[in-house]
Enquirer: 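I'd like to ask some things about the structure below.
Read the numbers this way: they start at 1 and go in the same order the structure lists the ligands and their atoms.
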Amino acid sequence: MKQFDTLTLSTQGSALILTVDQPKSLNALAKEVVNDLESFLDWFETTGYEYRGLIITGAGEKSFVAGANIVQMNSMDEATFTAYAKQMHAVTERLESLHVPVIAAVNGFALGGGCELALACDFIYASERASFGQPEVNLGLVPGFGGMVRLPRRVGNAMARELIFTGRRIKAEEALRIGLANRVVPAEQLLDVAVAAIEEAAAVSPTAISIAKRAMVSMDGLDTHQGLGREVDAFLQAYHTADSVEGRSAFVEKRSPVFPGN
Ligand code: CO8
């Protein structure tokens, strides 16, 4: 298994679990963490085909990711600052386009850049002690790792404005109610529930998931007519895969499909 200074990788069933492992700073996204996330994606995109899903969580019992590293940010010049933001933007876009489902298993604080990292994941599962927020306004800042783009898409424009303009921190149950979190579970069950979701996805066609993921990302911002056009393209692409031939044949032959994965 590939090793990183700031991230820990482990396997559970069909899932790869990536733990941001900087508990002393509540797993804040220091430059070194973002570098490692990039290197991880380089590795996972090219060699991670045995895994059917990725789960991202944070080390320790207190925090998922407490945001960008504020201490480091203070000593960055403008060029470094801009490069840092762009690098994290690239990480979030790559997570959105990964060939497998990505779940944020939020086990504590998901603040600022931490909430934005979770927003780049397909589903957010929260433990009962998770909390979410975009507290940048408390620092005289605004979200910079995608929160102003992705939070409105997830929770609607009015709720996103309320969270961004007040910097208010919300608990897991409220995150569930507004559609930010998909599920809230007891902390000790969080990873098992996330792994179970990956196992559910592992039972279906990996090619279909990958096509659906990429199509849905490419539809962001399109009007209904354009979106429907993309959907036809994606449907046709899926229709011609070996997985689809197998899935449709298995249905007709009244047997379980064995997807070749292409
Ligand atoms: N950066 C660096 N260090 C941090 C961070 C952080 N974001 N969060 C916590 N830490 C450190 C603390 O400094 C402390 O270190 P030490 O023990 O050396 O003093 C340690 O983690 C533990 O933290 P606390 O003692 O504060 O723990 P508490 O339980 O009292 O409080 C909180 C926990 C509420 C999470 C508190 O630490 C906090 O408010 N943290 C900051 C949260 C925040 O504001 N996050 C948003 C940051 S800005 C951002 O993410 C913008 C992203 C876009 C950037 C674009 C760049 C171009």
Enquirer: From atom 40 (N) of ligand 1, is the closest protein heavy-atom distance below 4.0 Å?
Expert: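 When distances to the protein are checked, atom 40 (N) of ligand 1 has no heavy atom within 4.0 Å.
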
Enquirer: Between Lys24 and ligand 1, find which residue part has any heavy-atom pair under 4.0 Å and reply side chain, backbone, both or neither.
Expert: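 Looking at Lys24 and ligand 1, just backbone atoms fall under 4.0 Å.
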
Enquirer: Starting from atom 34 (C) of ligand 1, find the nearest protein heavy-atom neighbour and note its residue, name and distance.
Expert: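 Nearest neighbour among protein heavy atoms for atom 34 (C) of ligand 1, to 0.1 Å: Arg169 NH2, 3.4 Å.
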
Enquirer: Answer yes or no for atom 7 (N) of ligand 1: protein heavy atom present at a distance under 4.0 Å?
Expert: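 Yes, there is a protein heavy atom closer to it than 4.0 Å.
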
Enquirer: With the side chain counted from C-beta on, respond yes when Met1 and Ser10 share a heavy-atom pair under 4.5 Å apart, and no when they do not.
Expert: no

Enquirer: Less than 4.0 Å from atom 16 (P) of ligand 1, is there any heavy atom belonging to the protein?
Expert: no

Enquirer: What atoms of ligand 1 come closer than 4.0 angstrom to any heavy atom of Gly67?
Expert: 50 (O)

Enquirer: Indicate the atoms forming the closest heavy-atom contact of Ala15 with Ile198, along with that distance.
Expert: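 That closest heavy-atom pairing would be CB-CG2, 3.9 Å.
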
Enquirer: Looking at atom 24 (P) of ligand 1, would you say a protein heavy atom lies below 4.0 Å from it?
Expert: no

Enquirer: Check for a donor-acceptor pair, side chain of Asn69 on one end and backbone N or O of Leu29 on the other, with a separation under 3.5 Å.
Expert: no

Enquirer: Quiz question for you: does at least one protein heavy atom lie closer than 4.0 Å to atom 29 (O) of ligand 1?
Expert: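 So atom 29 (O) of ligand 1 has protein heavy-atom neighbours under 4.0 Å.
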
Enquirer: What do you reckon, does Gln72 put a non-hydrogen atom under 4.0 Å from ligand 1?
Expert: no

Enquirer: Are Phe44 and His99, when compared by the centres of their aromatic rings, separated by less than 6.0 Å?
Expert: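 Ring centroids of Phe44 and His99 are less than 6.0 Å from each other.
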
Enquirer: For ligand 1, which part of Phe145 has a heavy atom less than 4.0 Å away: the side chain, the backbone, both, or neither?
Expert: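 The answer is both.
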
Enquirer: If you count the atoms of ligand 1 from 1 in the order shown, which ones are under 4.0 Å from a heavy atom of Phe109?
Expert: 33 (C), 35 (C)

Enquirer: Provide, to 0.1 Å, the distance between atom 51 (C) of ligand 1 and the closest protein heavy atom, together with that atom's residue and name.
Expert: Glu136 OE2, 3.5 Å

Enquirer: Within the structure, does Gly113 bring an N/O atom to less than 3.5 angstrom of an N/O atom in ligand 1?
Expert: yes

Enquirer: Would one find an N or O of Ala85, backbone or side chain, under 3.5 Å from an N or O of ligand 1?
Expert: no

Enquirer: Are Lys171 and Glu173 ion-paired here, with the side-chain N under 4.0 Å from a carboxylate O?
Expert: no

Enquirer: Any non-hydrogen side-chain atom of Asn107 less than 4.5 Å from a side-chain atom of Leu191?
Expert: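 With C-beta onward as the side chain, the pair stays apart.
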
Enquirer: What are the two closest heavy atoms between Pro135 and Gly112, and how far apart are they?
Expert: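 Taking Pro135 first and Gly112 second, the nearest heavy atoms are CD-N, 3.3 Å.
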
Enquirer: For ligand 1, is any non-hydrogen atom under 4.0 Å from Ala28's backbone (N, CA, C, O), its side chain (CB onward), both, or neither?
Expert: side chain

Enquirer: Closest non-hydrogen protein atom to atom 36 (C) of ligand 1, residue and atom name please, with distance?
Expert: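 Here the nearest protein heavy atom works out to Leu26 CD1, 4.6 Å.
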
Enquirer: Any carboxylate oxygen within less than 4.0 angstrom of a Lys/Arg side-chain nitrogen, looking at Arg230 and Asp220?
Expert: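 No, this pair does not count.
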
Enquirer: Taking the non-hydrogen atoms of Lys62, is any one of them nearer than 4.0 angstrom to ligand 1?
Expert: yes

Enquirer: Identify the protein heavy atom lying closest to atom 44 (O) of ligand 1, giving its residue, its atom name and the separation to 0.1 Å.
Expert: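 So the nearest neighbour among protein heavy atoms is Pro135 CG, 3.6 Å.
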
Enquirer: For ligand 1, which atoms sit closer than 4.0 Å to a heavy atom of Glu116?
Expert: 52 (C)

Enquirer: Has the side chain of Glu128 got a donor or acceptor atom that lies under 3.5 Å from a matching backbone atom of Ala172?
Expert: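 Such a contact is absent between Glu128 side chain and Ala172 backbone.
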
Enquirer: Just to confirm, does any protein heavy atom lie below 4.0 Å from atom 54 (C) of ligand 1?
Expert: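 Neighbour list for atom 54 (C) of ligand 1 includes protein heavy atoms (cut-off 4.0 Å).
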
Enquirer: Please check this pair: side chain of Lys62 against backbone of Gly108, looking for a donor-acceptor N/O pair closer than 3.5 Å.
Expert: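 Not confirmed, Lys62 side chain does not pair with Gly108 backbone.
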
Enquirer: I want to confirm something. Looking only at heavy atoms, which of Gly112, Ala66, Ser63, Pro143 is nearest to atom 43 (C) of ligand 1?
Expert: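 Closest candidate by heavy-atom distance is Ala66.
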
Enquirer: Using a strict cut-off of less than 4.0 Å between a Lys/Arg side-chain nitrogen and an Asp/Glu carboxylate oxygen, indicate whether Glu93 and Lys86 qualify as a salt bridge.
Expert: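 Lys86 and Glu93: not salt-bridged.
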
Enquirer: Quick one: name the residues clustered hydrophobically with Leu111, using the 4.5 Å side-chain heavy-atom rule over I, L, V, M, F, W, Y, and just say none if it's on its own.
Expert: Leu26, Phe109

Enquirer: In the protein, what heavy atom is nearest to atom 56 (C) of ligand 1, and what distance, to one decimal place, separates them?
Expert: Tyr84 CD2, 3.7 Å

Enquirer: For atom 1 (N) of ligand 1, which of the options Asn27, Val34, Ile70 provides the nearest non-hydrogen atom?
Expert: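 Among Asn27, Val34, Ile70, the closest heavy atom to atom 1 (N) of ligand 1 belongs to Ile70.
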
Enquirer: Would you list the pairs meeting side chain to side chain donor-acceptor pair (under 3.5 Å) in which at least one residue belongs to residues 139-152, sequence neighbours left out?
Expert: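 Non-adjacent pairs meeting side chain to side chain donor-acceptor pair (under 3.5 Å): Thr92-Arg150, Glu96-Arg150.
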
Enquirer: Where is the nearest protein heavy atom to atom 10 (N) of ligand 1: which residue, which atom, and how far?
Expert: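 Ranking protein heavy atoms by distance from atom 10 (N) of ligand 1, first comes Ser25 O, 3.7 Å.
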
Enquirer: Tell me, which protein residue and heavy-atom name are nearest atom 38 (C) of ligand 1, and how many Å apart are they?
Expert: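 The answer is Leu111 CD1, 4.9 Å.
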
Enquirer: Considering all protein heavy atoms, does one lie under 4.0 Å from atom 19 (O) of ligand 1?
Expert: no

Enquirer: I'd like to know if the side chain of Asp36 pairs up with that of Ser39 as donor and acceptor (distance under 3.5 Å, no hydrogens or angles considered).
Expert: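 Side-chain D/A pair, Asp36 to Ser39: absent.
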
Enquirer: Hey, does the side chain of Asn182 reach the backbone of Tyr125 with a donor-acceptor pair shorter than 3.5 angstrom?
Expert: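 It does not hold such a pair.
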
